[in-house]
Amino acid sequence: MKRNVLITGGAGFIGSHVVRRFVERYPDYTIYNLDALTYAGNLRNLEDIESARNYQFIKADIRDGEAMLNIMQENKIDSVIHLAAESHVDRSISNPMAFVETNVIGTVNLLNAAKTVWREQMEGKRFYHVSTDEVYGSLDDGGFFLETTPYDPQSPYSASKASSDHFVRAYRNTYGLPVVISNCSNNYGPNQFPEKLIPLVINNILNNKALPVYGKGENIRDWLFVVDHARAIDDVFHKGADGETYNIGGFNEWKNIDIVHLVCAIMDKKLGRPEGTSQKLITYVTDRAGHDLRYAIDANKIMKELGWEPSLQFEEGIDQTIDWYLANKEWMDEVTSGAYQEYYREHYQ
Ligand code: NAD
Ligand code: TYD
(Lines give C-alpha, C1' and ligand atoms only; values in the text may rest on other atoms or scores of the structure.)
(Ligands and ions follow the chains in the order given, each with its own letter.)
Protein backbone atom coordinates (compact mmCIF):
# COMPACT_ATOMS: atom_id res chain seq x y z
CA MET A 1 0.00 0.00 0.00
CA LYS A 2 1.29 3.46 -0.88
CA ARG A 3 1.36 6.16 1.78
CA ASN A 4 2.78 9.66 2.11
CA VAL A 5 4.03 9.78 5.68
CA LEU A 6 5.13 13.01 7.32
CA ILE A 7 7.49 12.35 10.24
CA THR A 8 8.22 15.49 12.27
CA GLY A 9 11.42 15.76 14.31
CA GLY A 10 13.06 13.08 12.20
CA ALA A 11 16.54 14.58 12.55
CA GLY A 12 16.42 14.19 16.33
CA PHE A 13 17.25 11.23 18.52
CA ILE A 14 14.13 9.07 18.40
CA GLY A 15 12.86 10.53 15.12
CA SER A 16 15.99 9.46 13.24
CA HIS A 17 15.50 5.84 14.33
CA VAL A 18 11.84 6.00 13.30
CA VAL A 19 12.66 7.55 9.90
CA ARG A 20 15.33 4.89 9.21
CA ARG A 21 12.97 2.08 10.15
CA PHE A 22 10.16 3.37 7.93
CA VAL A 23 12.41 4.17 4.96
CA GLU A 24 13.98 0.71 5.08
CA ARG A 25 10.91 -1.38 5.87
CA TYR A 26 8.28 0.34 3.75
CA PRO A 27 9.63 0.99 0.24
CA ASP A 28 6.10 1.80 -0.99
CA TYR A 29 5.78 4.67 1.46
CA THR A 30 7.27 8.08 0.76
CA ILE A 31 8.76 9.35 3.99
CA TYR A 32 8.91 13.12 4.44
CA ASN A 33 11.13 14.10 7.35
CA LEU A 34 10.12 17.56 8.54
CA ASP A 35 12.56 19.15 10.96
CA ALA A 36 13.62 22.69 11.88
CA LEU A 37 17.14 21.47 12.73
CA THR A 38 17.31 23.10 16.15
CA TYR A 39 20.33 22.38 18.36
CA ALA A 40 18.89 18.87 18.81
CA GLY A 41 18.39 18.09 15.12
CA ASN A 42 21.24 16.64 13.11
CA LEU A 43 21.06 15.32 9.55
CA ARG A 44 24.20 13.28 10.19
CA ASN A 45 21.90 10.95 12.11
CA LEU A 46 20.41 9.92 8.76
CA GLU A 47 23.41 9.91 6.42
CA ASP A 48 22.99 6.20 5.70
CA ILE A 49 19.49 6.61 4.24
CA GLU A 50 19.51 10.18 2.90
CA SER A 51 19.74 9.11 -0.73
CA ALA A 52 16.99 6.48 -0.48
CA ARG A 53 14.42 6.79 -3.26
CA ASN A 54 11.50 7.00 -0.83
CA TYR A 55 13.01 9.63 1.50
CA GLN A 56 12.76 13.39 1.42
CA PHE A 57 13.92 15.99 3.94
CA ILE A 58 11.95 19.21 4.46
CA LYS A 59 13.45 21.94 6.60
CA ALA A 60 10.49 23.65 8.27
CA ASP A 61 9.30 24.83 11.64
CA ILE A 62 6.10 23.45 13.14
CA ARG A 63 5.50 26.84 14.76
CA ASP A 64 4.67 28.10 11.25
CA GLY A 65 1.03 27.06 10.71
CA GLU A 66 0.84 28.20 7.08
CA ALA A 67 3.95 26.23 6.18
CA MET A 68 2.46 23.09 7.79
CA LEU A 69 -0.70 23.44 5.71
CA ASN A 70 1.24 23.99 2.47
CA ILE A 71 3.57 21.06 3.10
CA MET A 72 0.70 18.70 3.86
CA GLN A 73 -1.24 19.87 0.82
CA GLU A 74 1.63 19.86 -1.66
CA ASN A 75 2.87 16.41 -0.68
CA LYS A 76 -0.60 14.86 -0.28
CA ILE A 77 0.29 13.72 3.21
CA ASP A 78 -2.08 11.01 4.47
CA SER A 79 -0.27 10.11 7.72
CA VAL A 80 1.59 12.11 10.33
CA ILE A 81 3.94 10.73 12.96
CA HIS A 82 4.62 13.72 15.16
CA LEU A 83 7.82 13.70 17.21
CA ALA A 84 9.17 17.25 16.80
CA ALA A 85 9.43 18.85 20.21
CA GLU A 86 11.55 20.65 22.69
CA SER A 87 12.45 17.62 24.76
CA HIS A 88 14.74 18.50 27.67
CA VAL A 89 13.25 19.10 31.14
CA ASP A 90 16.15 21.32 32.30
CA ARG A 91 15.75 23.63 29.31
CA SER A 92 12.00 23.83 30.02
CA ILE A 93 12.80 25.08 33.51
CA SER A 94 14.93 27.94 32.19
CA ASN A 95 12.80 28.73 29.11
CA PRO A 96 9.22 27.41 29.38
CA MET A 97 7.84 29.58 26.57
CA ALA A 98 9.89 27.75 23.92
CA PHE A 99 8.07 24.58 25.05
CA VAL A 100 4.65 26.22 24.74
CA GLU A 101 5.51 27.47 21.26
CA THR A 102 6.86 24.24 19.80
CA ASN A 103 5.12 21.55 21.81
CA VAL A 104 1.68 23.12 22.17
CA ILE A 105 1.27 25.62 19.33
CA GLY A 106 3.38 23.53 16.93
CA THR A 107 1.19 20.49 17.59
CA VAL A 108 -2.03 22.50 17.13
CA ASN A 109 -0.64 23.86 13.84
CA LEU A 110 -0.16 20.30 12.61
CA LEU A 111 -3.62 19.26 13.83
CA ASN A 112 -5.16 22.23 12.00
CA ALA A 113 -3.28 21.38 8.82
CA ALA A 114 -4.41 17.73 9.00
CA LYS A 115 -8.00 18.74 9.73
CA THR A 116 -8.05 21.04 6.70
CA VAL A 117 -6.30 18.75 4.24
CA TRP A 118 -8.24 15.64 5.29
CA ARG A 119 -11.63 17.33 5.75
CA GLU A 120 -13.37 15.54 2.89
CA GLN A 121 -12.01 12.11 3.62
CA MET A 122 -10.81 11.18 7.10
CA GLU A 123 -10.90 7.46 6.38
CA GLY A 124 -7.50 5.89 5.84
CA LYS A 125 -5.74 8.86 7.45
CA ARG A 126 -3.76 8.75 10.68
CA PHE A 127 -2.38 11.44 13.00
CA TYR A 128 0.02 9.74 15.42
CA HIS A 129 1.24 11.86 18.32
CA VAL A 130 4.36 10.60 20.09
CA SER A 131 4.32 11.57 23.75
CA THR A 132 5.97 10.84 27.06
CA ASP A 133 5.19 9.09 30.34
CA GLU A 134 6.09 12.34 32.11
CA VAL A 135 2.51 13.61 31.52
CA TYR A 136 1.38 11.27 34.31
CA GLY A 137 3.53 13.03 36.91
CA SER A 138 5.68 11.36 39.54
CA LEU A 139 5.27 8.01 41.30
CA ASP A 140 6.31 7.03 44.81
CA ASP A 141 7.83 3.64 45.35
CA GLY A 142 4.78 1.62 44.25
CA GLY A 143 2.55 1.42 41.21
CA PHE A 144 2.85 2.01 37.50
CA PHE A 145 1.52 4.46 34.94
CA LEU A 146 -1.46 2.99 33.08
CA GLU A 147 -3.16 4.51 30.04
CA THR A 148 -5.97 5.48 32.45
CA THR A 149 -3.72 7.21 34.99
CA PRO A 150 -4.88 10.84 35.37
CA TYR A 151 -2.53 13.45 33.93
CA ASP A 152 -0.50 15.29 36.55
CA PRO A 153 2.45 16.95 34.78
CA GLN A 154 5.04 18.52 37.07
CA SER A 155 7.57 20.27 34.81
CA PRO A 156 7.05 22.86 32.07
CA TYR A 157 8.17 20.15 29.60
CA SER A 158 5.63 17.60 30.79
CA ALA A 159 2.92 20.28 31.06
CA SER A 160 3.52 21.21 27.41
CA LYS A 161 3.41 17.56 26.30
CA ALA A 162 0.25 16.96 28.39
CA SER A 163 -1.35 19.98 26.77
CA SER A 164 -0.48 18.72 23.29
CA ASP A 165 -1.92 15.28 24.14
CA HIS A 166 -5.16 16.96 25.23
CA PHE A 167 -5.36 18.92 21.97
CA VAL A 168 -4.85 15.74 19.95
CA ARG A 169 -7.74 14.02 21.77
CA ALA A 170 -9.89 17.15 21.51
CA TYR A 171 -9.42 17.18 17.71
CA ARG A 172 -10.67 13.63 17.52
CA ASN A 173 -13.66 14.35 19.73
CA THR A 174 -14.55 17.64 18.04
CA TYR A 175 -13.57 17.18 14.41
CA GLY A 176 -13.34 13.41 14.06
CA LEU A 177 -9.61 13.47 13.30
CA PRO A 178 -8.26 9.89 13.30
CA VAL A 179 -5.62 10.08 16.02
CA VAL A 180 -3.55 7.70 18.08
CA ILE A 181 -1.15 8.53 20.95
CA SER A 182 1.67 6.69 22.67
CA ASN A 183 3.39 7.65 25.90
CA CYS A 184 6.87 6.22 26.31
CA SER A 185 9.37 6.04 29.15
CA ASN A 186 12.99 7.31 28.99
CA ASN A 187 14.86 6.28 25.85
CA TYR A 188 18.57 5.64 25.49
CA GLY A 189 20.76 4.60 22.56
CA PRO A 190 22.83 5.93 19.66
CA ASN A 191 22.36 9.55 18.51
CA GLN A 192 20.96 10.91 21.78
CA PHE A 193 22.01 14.51 22.38
CA PRO A 194 24.42 14.73 25.34
CA GLU A 195 22.19 16.99 27.41
CA LYS A 196 20.38 13.83 28.58
CA LEU A 197 21.82 11.74 31.41
CA ILE A 198 23.35 8.72 29.65
CA PRO A 199 25.17 10.40 26.72
CA LEU A 200 26.21 13.25 29.00
CA VAL A 201 27.88 10.80 31.38
CA ILE A 202 29.54 8.94 28.48
CA ASN A 203 30.89 12.18 27.02
CA ASN A 204 32.13 13.48 30.37
CA ILE A 205 33.92 10.20 31.14
CA LEU A 206 35.64 10.43 27.75
CA ASN A 207 36.76 13.95 28.62
CA ASN A 208 37.59 13.29 32.30
CA LYS A 209 34.96 15.77 33.38
CA ALA A 210 32.79 15.69 36.53
CA LEU A 211 29.66 13.51 36.28
CA PRO A 212 26.86 15.71 37.65
CA VAL A 213 24.30 13.66 39.62
CA TYR A 214 21.27 15.67 40.72
CA GLY A 215 20.33 15.46 44.40
CA LYS A 216 21.15 12.06 45.87
CA GLY A 217 20.90 10.21 42.58
CA GLU A 218 17.94 8.25 43.90
CA ASN A 219 15.38 9.27 41.30
CA ILE A 220 14.15 6.36 39.23
CA ARG A 221 13.56 6.17 35.50
CA ASP A 222 12.28 3.29 33.35
CA TRP A 223 14.70 2.94 30.41
CA LEU A 224 13.96 1.64 26.91
CA PHE A 225 16.38 1.14 24.01
CA VAL A 226 15.50 3.63 21.27
CA VAL A 227 15.22 0.98 18.55
CA ASP A 228 12.61 -0.81 20.67
CA HIS A 229 10.67 2.46 20.85
CA ALA A 230 10.90 2.80 17.06
CA ARG A 231 9.54 -0.78 16.75
CA ALA A 232 6.68 0.13 19.08
CA ILE A 233 5.92 3.26 17.03
CA ASP A 234 5.78 1.06 13.91
CA ASP A 235 3.29 -1.25 15.66
CA VAL A 236 1.11 1.56 16.98
CA PHE A 237 1.12 3.30 13.58
CA HIS A 238 0.07 0.16 11.73
CA LYS A 239 -2.02 -1.75 14.28
CA GLY A 240 -3.11 0.75 16.93
CA ALA A 241 -6.83 1.46 17.14
CA ASP A 242 -8.15 4.94 16.35
CA GLY A 243 -8.48 7.15 19.41
CA GLU A 244 -6.46 4.79 21.60
CA THR A 245 -3.45 5.46 23.80
CA TYR A 246 -0.60 3.00 24.26
CA ASN A 247 1.99 3.18 27.03
CA ILE A 248 5.45 2.00 25.99
CA GLY A 249 8.16 0.99 28.44
CA GLY A 250 10.76 -1.63 29.16
CA PHE A 251 9.80 -2.73 32.70
CA ASN A 252 13.35 -1.59 33.43
CA GLU A 253 13.63 0.73 36.41
CA TRP A 254 16.97 2.12 37.49
CA LYS A 255 18.09 4.66 40.08
CA ASN A 256 20.15 7.35 38.37
CA ILE A 257 23.20 6.67 40.53
CA ASP A 258 23.14 2.95 39.65
CA ILE A 259 23.11 3.81 35.93
CA VAL A 260 26.03 6.19 36.40
CA HIS A 261 27.97 3.44 38.22
CA LEU A 262 27.17 0.94 35.48
CA VAL A 263 28.30 3.30 32.70
CA CYS A 264 31.49 4.10 34.68
CA ALA A 265 32.34 0.40 35.08
CA ILE A 266 31.72 -0.45 31.40
CA MET A 267 33.65 2.60 30.18
CA ASP A 268 36.67 1.85 32.39
CA LYS A 269 36.80 -1.65 30.90
CA LYS A 270 36.39 -0.50 27.31
CA LEU A 271 38.90 2.33 27.69
CA GLY A 272 41.42 0.10 29.49
CA ARG A 273 41.42 2.37 32.54
CA PRO A 274 41.90 0.96 36.07
CA GLU A 275 38.64 -0.07 37.77
CA GLY A 276 37.13 2.86 39.70
CA THR A 277 38.72 5.61 37.57
CA SER A 278 35.45 7.00 36.19
CA GLN A 279 33.57 6.57 39.45
CA LYS A 280 35.87 9.18 41.01
CA LEU A 281 34.35 11.74 38.63
CA ILE A 282 30.87 11.42 40.19
CA THR A 283 29.83 14.76 41.69
CA TYR A 284 26.55 15.35 43.49
CA VAL A 285 25.08 18.67 42.40
CA THR A 286 22.04 20.78 43.30
CA ASP A 287 18.85 18.91 42.54
CA ARG A 288 16.63 19.79 39.57
CA ALA A 289 13.71 22.01 40.63
CA GLY A 290 10.56 19.91 41.09
CA HIS A 291 12.50 16.75 40.21
CA ASP A 292 10.05 13.86 39.59
CA LEU A 293 10.96 10.95 41.86
CA ARG A 294 9.97 7.94 39.80
CA TYR A 295 8.53 7.00 36.41
CA ALA A 296 7.40 3.45 35.68
CA ILE A 297 5.27 2.30 32.77
CA ASP A 298 2.84 -0.58 32.69
CA ALA A 299 3.28 -1.68 29.06
CA ASN A 300 0.84 -4.59 29.20
CA LYS A 301 -1.70 -3.04 26.82
CA ILE A 302 0.69 -2.68 23.87
CA MET A 303 2.19 -6.08 24.63
CA LYS A 304 -1.17 -7.87 24.72
CA GLU A 305 -3.04 -5.93 22.04
CA LEU A 306 -0.30 -5.23 19.50
CA GLY A 307 2.16 -8.03 20.30
CA TRP A 308 5.06 -5.63 20.94
CA GLU A 309 7.76 -6.39 23.47
CA PRO A 310 11.19 -4.96 24.23
CA SER A 311 13.95 -6.92 22.51
CA LEU A 312 17.05 -5.91 24.44
CA GLN A 313 18.13 -6.32 28.04
CA PHE A 314 19.39 -3.05 29.51
CA GLU A 315 22.97 -4.24 30.07
CA GLU A 316 23.16 -5.29 26.42
CA GLY A 317 21.60 -2.02 25.21
CA ILE A 318 23.94 0.12 27.31
CA ASP A 319 26.91 -1.84 26.02
CA GLN A 320 25.82 -1.26 22.40
CA THR A 321 25.15 2.40 23.14
CA ILE A 322 28.59 2.97 24.63
CA ASP A 323 30.18 1.17 21.67
CA TRP A 324 28.31 3.50 19.32
CA TYR A 325 29.54 6.64 21.11
CA LEU A 326 33.10 5.29 21.16
CA ALA A 327 32.94 4.60 17.43
CA ASN A 328 31.37 7.99 16.68
CA LYS A 329 33.53 10.46 18.59
CA GLU A 330 33.31 12.86 15.65
CA TRP A 331 29.52 12.98 16.03
CA MET A 332 29.92 13.79 19.71
CA ASP A 333 32.63 16.41 19.08
CA GLU A 334 30.47 18.10 16.48
CA VAL A 335 27.34 18.33 18.63
CA THR A 336 29.24 19.44 21.72
CA SER A 337 31.08 22.29 20.03
CA GLY A 338 29.66 25.81 19.97
CA ALA A 339 26.28 26.37 21.60
CA TYR A 340 26.53 23.22 23.75
CA GLN A 341 29.50 24.66 25.63
CA GLU A 342 27.50 27.73 26.51
CA TYR A 343 24.50 25.65 27.61
CA TYR A 344 26.75 23.46 29.72
CA ARG A 345 28.45 26.42 31.43
CA GLU A 346 25.16 28.14 32.17
CA HIS A 347 23.45 25.02 33.44
CA TYR A 348 26.18 23.31 35.43
CA GLN A 349 28.40 26.12 36.70
P1 NAD B 1 15.19 15.46 20.38
O2 NAD B 1 15.28 16.72 21.18
O3 NAD B 1 16.38 14.59 20.23
O4 NAD B 1 14.70 15.82 18.90
C5 NAD B 1 13.68 16.74 18.64
C6 NAD B 1 13.69 17.05 17.16
O7 NAD B 1 12.63 17.98 16.90
C8 NAD B 1 14.98 17.70 16.66
O9 NAD B 1 15.40 17.12 15.46
C10 NAD B 1 14.60 19.16 16.46
O11 NAD B 1 15.36 19.81 15.45
C12 NAD B 1 13.13 19.03 16.09
N13 NAD B 1 12.39 20.26 16.42
C14 NAD B 1 12.38 20.94 17.60
N15 NAD B 1 11.61 22.02 17.49
C16 NAD B 1 11.09 22.02 16.24
C17 NAD B 1 10.20 22.88 15.55
N18 NAD B 1 9.71 23.98 16.11
N19 NAD B 1 9.86 22.57 14.27
C20 NAD B 1 10.37 21.45 13.66
N21 NAD B 1 11.23 20.62 14.27
C22 NAD B 1 11.58 20.89 15.55
O23 NAD B 1 13.96 14.68 21.00
P24 NAD B 1 13.74 13.10 21.19
O25 NAD B 1 14.34 12.69 22.47
O26 NAD B 1 14.08 12.40 19.95
O27 NAD B 1 12.16 13.07 21.39
C28 NAD B 1 11.29 12.99 20.26
C29 NAD B 1 9.85 12.96 20.74
O30 NAD B 1 9.64 11.84 21.59
C31 NAD B 1 9.44 14.20 21.53
O32 NAD B 1 8.13 14.52 21.18
C33 NAD B 1 9.51 13.73 22.99
O34 NAD B 1 8.59 14.44 23.78
C35 NAD B 1 9.12 12.27 22.84
N36 NAD B 1 9.68 11.37 23.87
C37 NAD B 1 11.01 11.38 24.16
C38 NAD B 1 11.51 10.50 25.11
C39 NAD B 1 12.98 10.44 25.43
O40 NAD B 1 13.38 9.71 26.35
N41 NAD B 1 13.85 11.13 24.72
C42 NAD B 1 10.65 9.61 25.76
C43 NAD B 1 9.28 9.63 25.44
C44 NAD B 1 8.81 10.51 24.49
P1 TYD C 1 17.14 13.16 31.60
O2 TYD C 1 18.03 12.31 30.77
O3 TYD C 1 17.25 14.64 31.50
O4 TYD C 1 15.65 12.67 31.33
P5 TYD C 1 14.27 13.05 32.12
O6 TYD C 1 14.49 14.22 32.97
O7 TYD C 1 13.36 13.35 30.99
O8 TYD C 1 13.90 11.82 32.89
O9 TYD C 1 17.40 12.78 33.12
C10 TYD C 1 17.28 11.43 33.58
C11 TYD C 1 17.48 11.46 35.09
O12 TYD C 1 18.84 11.84 35.37
C13 TYD C 1 16.62 12.50 35.78
O14 TYD C 1 16.19 11.97 37.04
C15 TYD C 1 17.56 13.67 36.00
C16 TYD C 1 18.91 13.01 36.16
N17 TYD C 1 20.06 13.81 35.68
C18 TYD C 1 21.18 13.97 36.50
O19 TYD C 1 21.23 13.47 37.65
N20 TYD C 1 22.23 14.70 36.02
C21 TYD C 1 22.23 15.27 34.79
O22 TYD C 1 23.21 15.97 34.42
C23 TYD C 1 21.07 15.08 33.95
C24 TYD C 1 21.01 15.68 32.58
C25 TYD C 1 20.02 14.32 34.43
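Order of listing sets the numbers, starting from 1, for every ligand and every atom in it. As the structure is a prediction and not an experimental result, all values here were calculated from the model.
- Taking the ring centre of Tyr348 as origin, the terminal cationic atom of Lys209 falls outside the region bounded by 6.0 Å and 45° from the ring axis.
- Of all protein heavy atoms, the one lying nearest to atom 11 (O) of ligand 1 is Asp35 OD1, 2.6 Å.
- Using a 4.0 Å cut-off between heavy atoms, Thr8 makes no contact with ligand 1 at all.
- Using a 4.0 Å cutoff on heavy atoms, Tyr157 counts as a contact of ligand 1.
- Backbone and side-chain nitrogen or oxygen atoms of Gly12 are examined, and one is located within less than 3.5 angstrom of a nitrogen or oxygen of ligand 1.
- The proximity of Thr102 to ligand 1, defined as any non-hydrogen pair under 4.0 Å, is limited to the side chain.
- When each atom of ligand 1 is checked for a heavy atom of Ala60 under 4.0 Å away, the hits are 19 (N), 20 (C).
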Are any protein N/O atoms closer than 3.5 Å to the N/O atoms of ligand 2? If there are, list each pair with names and the distance to one decimal place.
from, atom 1, to, atom 2, distance (Å)
ligand 2, 2 (O), Leu197, N, 2.9
ligand 2, 3 (O), Arg288, NH2, 3.1
ligand 2, 4 (O), Asn186, ND2, 3.3
ligand 2, 6 (O), Arg288, NH1, 2.5
ligand 2, 6 (O), Arg288, NH2, 3.3
ligand 2, 7 (O), Glu134, OE2, 2.6
ligand 2, 8 (O), Asn186, ND2, 2.9
ligand 2, 8 (O), Arg221, NE, 2.7
ligand 2, 12 (O), Asn256, ND2, 3.3
ligand 2, 14 (O), Arg221, NH2, 3.3
ligand 2, 14 (O), Asn256, ND2, 2.8
ligand 2, 14 (O), His291, NE2, 2.7
ligand 2, 19 (O), Tyr214, N, 2.9
ligand 2, 20 (N), Pro212, O, 2.8
ligand 2, 22 (O), Pro212, O, 3.4
ligand 2, 22 (O), Tyr348, OH, 2.6

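- For ligand 1, the atoms closer than 4.0 angstrom to any heavy atom of Ser185 are 42 (C), 43 (C).
- Near Leu37, meaning under 4.0 Å from any of its heavy atoms, are these atoms of ligand 1: 11 (O).
- Within the cation-pi definition used here (under 6.0 Å to the ring centroid, within 45° of the axis), Arg288 does not qualify as a partner of Tyr214.
- Checked against the 6.0 Å centroid criterion, the rings of Tyr39 and Phe193 qualify as a close aromatic pair.
- The closest protein non-hydrogen atom to atom 3 (O) of ligand 1 is Phe13 N, 3.1 Å.
- In this structure, atom 44 (C) of ligand 1 lies nearest to the protein heavy atom Ser131 O, 3.1 Å.
- Of the listed residues (Gly9, Ala85, Ala36), the one carrying the non-hydrogen atom nearest atom 14 (C) of ligand 1 is Ala85.
- Protein heavy atom in closest approach to atom 2 (O) of ligand 1: Ser87 OG, 2.6 Å.
- Shortest contact from atom 10 (C) of ligand 1 to any protein heavy atom: Thr38 OG1, 3.2 Å.
- Distance from atom 41 (N) of ligand 1 to its nearest protein heavy atom, with residue and atom name: Ile14 CD1, 3.7 Å.
- Neither the backbone nor the side chain of Tyr295 comes within contact range of ligand 1; no heavy atom lies under 4.0 Å.
- Here the CG atom belonging to Asn219 is positioned 11.0 Å from the CD1 atom belonging to Ile257, to the nearest 0.5 angstrom.
- Of all protein heavy atoms, the one lying nearest to atom 31 (C) of ligand 1 is Leu83 O, 3.1 Å.
- Of all heavy-atom pairs between Tyr151 and Asn183, the closest is OH-ND2, 3.8 Å.
- Annotation: Asp61 places an N or O atom under 3.5 Å from an N or O atom of ligand 1; distance criterion only.
- Counting only N and O atoms by type, the side chains of Trp254 and Asn252 include a donor and acceptor under 3.5 Å apart.
- In this structure, the ring of Tyr26 has its center less than 6.0 angstrom from the ring center of His238.
- Looking at His82 against ligand 1, nothing comes within 4.0 Å, counting heavy atoms.
- Here Phe237 and Phe22 bring their ring centres to under 6.0 angstrom of each other.
- Of all protein heavy atoms, the one lying nearest to atom 19 (N) of ligand 1 is Ile62 N, 3.0 Å.
- The aromatic rings of Tyr325 and Trp331 sit perpendicular to each other, their planes meeting at more than 60°, with 30° as the lower class boundary.
- Remark: aromatic rings of Phe167 and His129 are distant, center separation not under 6.0 Å.
- No option in Arg91, His88, Glu195 other than His88 meets the side chain to side chain donor-acceptor pair (under 3.5 Å) test with Tyr343.
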